Every structure is written in C-alpha cells, then in structure tokens.
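In what follows, residues are counted from 1 in the order of the sequence shown. Just follow the structure's listing: the first ligand is 1, and inside any ligand the first atom is 1. Since the model is a prediction, treat every value here as computed from it, not as a measurement. Only heavy atoms go into these numbers, but all of them, side chains included; no hydrogens, no water, no symmetry mates.
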Amino acid sequence: MCMQGVLSLQKHFQAHENDILMMTPPKVGTTWLKAILFAIVNRKHHLDLQKHPLLTNNPHILVPYLDLHLYNKKEVPDLTSCPSPRLFSTHLPYTLLPTSVKNSRCKIVYLYRNPKDTFGVSNFGPYWDHILSYWKESLEKPQMILCLRYEELKEQPTAYLKRIAEFLGYPFSLEEETQGMINNLSRLCRFEYLSKLEVNKSGTTHNIKNESLFRRGEVEDWVNYLTPQMSEKLDDIFKEKFHGTGLTF
Ligand SMILES: Nc1ncnc2c1ncn2[C@@H]1O[C@H](COP(=O)(O)OS(=O)(=O)O)[C@@H](OP(=O)(O)O)[C@H]1O
C-alpha cells in the first residue's frame, strides 16, 4: 500500500452525501462490481446497450480508484467536475478510510470472496481483518454498507443487481423490470461477455494488463491450485479468524 497516497486521501478527500463507494480486497471481483455499479447508476443515460460505455472502456476507467492512482501524485486531484453521483473504488480497509467518508451518509458496497480463490500477497493488510472491518460496520449501519459475496453474486446475478440498485437508491421500476432491463444489464456485466470484448482482451489499465483482470471468473477454481492439505490448513485459519461472526464461505 502506498502510505503517502493513503495519507493524502485521508487529508483531502471530501465525501459527498450522494457518493457511491465500492470497497474490495484485491482479486475478489472488483472489475465486475465496477461494471455493475456503473451500469446500474448510469442506466438512464445509456439505454442503447449497443453503444454502452462498457463496450469500449475497461470498468476500471469508468469507476476510478480513489487512493493509489489519484492521490499518489504530488497534486491532489480535482474531483469537483466528476458527474454526480460520484462513483469511486478503493481496496483500503474500513479503518483507513477518510473520516469524511465514515461521517457521511454515502453508500458503500463491499465485495468479498472465498479467500482460497484470491490467495496471494495483498498490499492492504490481512484478508480477514479487511473483511471483518466492513462486516462489523455493516451490521451497525446496514443502510450505509452492503456486504456482498462473489459466490452469491455469481449464482444469482439478476437478483443481486436488483438488490444493489435498491440499496443505492436507484431501484428498477416495474416498467424497467418487465422490459427486461435487469436481465440485460446483468448479461452486459457477465464474465463471458466482458472478457470477450476487444477493450478487455488487449491494452493495460493502471499498468495492469486488461486480460489479467479476466482470468477464469469461476467459483472454487482453487481446487486446481491448492492441495487438500493446504486447503484444510486455510480452512482452519479462517474458522478461527471468523469464529462467531456469522461469516461463512
Ligand atoms: N464480469 C465478471 N464476472 C465474474 N468474475 C469476474 C468478472 N470480471 C472479472 N472477474 C474475476 O474477478 C477476479 C479479478 O478480481 P478483481 O477484479 O478484484 O482484480 S483487481 O483487484 O481489480 O486486480 C478474477 O477472478 P479469477 O479468474 O478467479 O482469478 C476475474 O476473472
């Protein structure tokens, strides 16, 4: 984690009441959630899905990271001209968020995933502390923080799109529902669709190859990488860390 960027963010970022923030540990489906939130919030501006910005822009361009990429520079970014509602993303744990976010009424969507499918070195602290920091806050402030699990989203994308839209204060109307809008947006954001677009197969975003953001997008792909012993050891650690919290994977 770049502490300079984090400190600068904490000092300068002023949350707006209608900001929408999405928080994720790395590799849990950030790219997917960015696509979903952008599609939900901006749907009235992009009714023609053949011309949707997701067809020509990687989701990380449409929903910028707050911390590293904006605040790492010497100058503090000017966010005043960002269209409203502002959509931002960060990998920071709750404890490191700017006070202006914690004190505001802006909505936070948090996504997590079976740790065995994200197994790797993270710059954002231990995985369990990250999840627990948001999980605990979401229990206290359910109207402000919505915690979602990648596996649930994958199983019922349309139902979750509807739920996310309601949580954000952008519910789908009956008319939109009957016209198949939720299904259409859900399909637009699917791994199978986004990963085949030229914009996501080539090029880089923030020095990361776009194609690496779309690896396999499957639940329990860890079985192809971890031995049963490794898996059991991790299960034991997670049982201990999440004991009594109600969190399961
Ligand atoms: N649309 C969509 N639907 C479902 N899953 C998706 C989607 N887009 C990306 N992915 C999968 O998300 C994993 C990458 O995680 P992140 O996007 O959080 O990576 S990053 O932190 O932004 O680098 C990575 O998971 P794995 O393939 O299991 O490694 C991606 O394949």
With sequence neighbours left out, the residues meeting side-chain hydrogen bond (donor to acceptor under 3.5 Å, both in side chains) with R190 are E192
Ring centroid separation F88 to F13 under 6.0 Å = yes
For ligand 1, what are the residues with a heavy-atom contact below 4.0 Å?
-> P26, K27, V28, G29, T30, T31, W32, H60, Y65, H91, R113, Y150, K154, C189, R190, F191, L213, F214, R215, R216, G217
Does the distance from a Lys or Arg side-chain N to an Asp or Glu carboxylate O, for K27 and D117, drop under 4.0 Å?
-> no
What pairs with T24 under side-chain hydrogen bond (donor to acceptor under 3.5 Å, both in side chains), at least two apart in sequence or on another chain?
-> T30, H91
Which residues satisfy the salt bridge (charged side-chain N to carboxylate O under 4.0 Å, His left out) test with R113, sequence neighbours excluded?
-> none
Taking K34 for the side chain and I61 for the main chain, is one N or O donor matched with an acceptor at less than 3.5 Å?
-> no
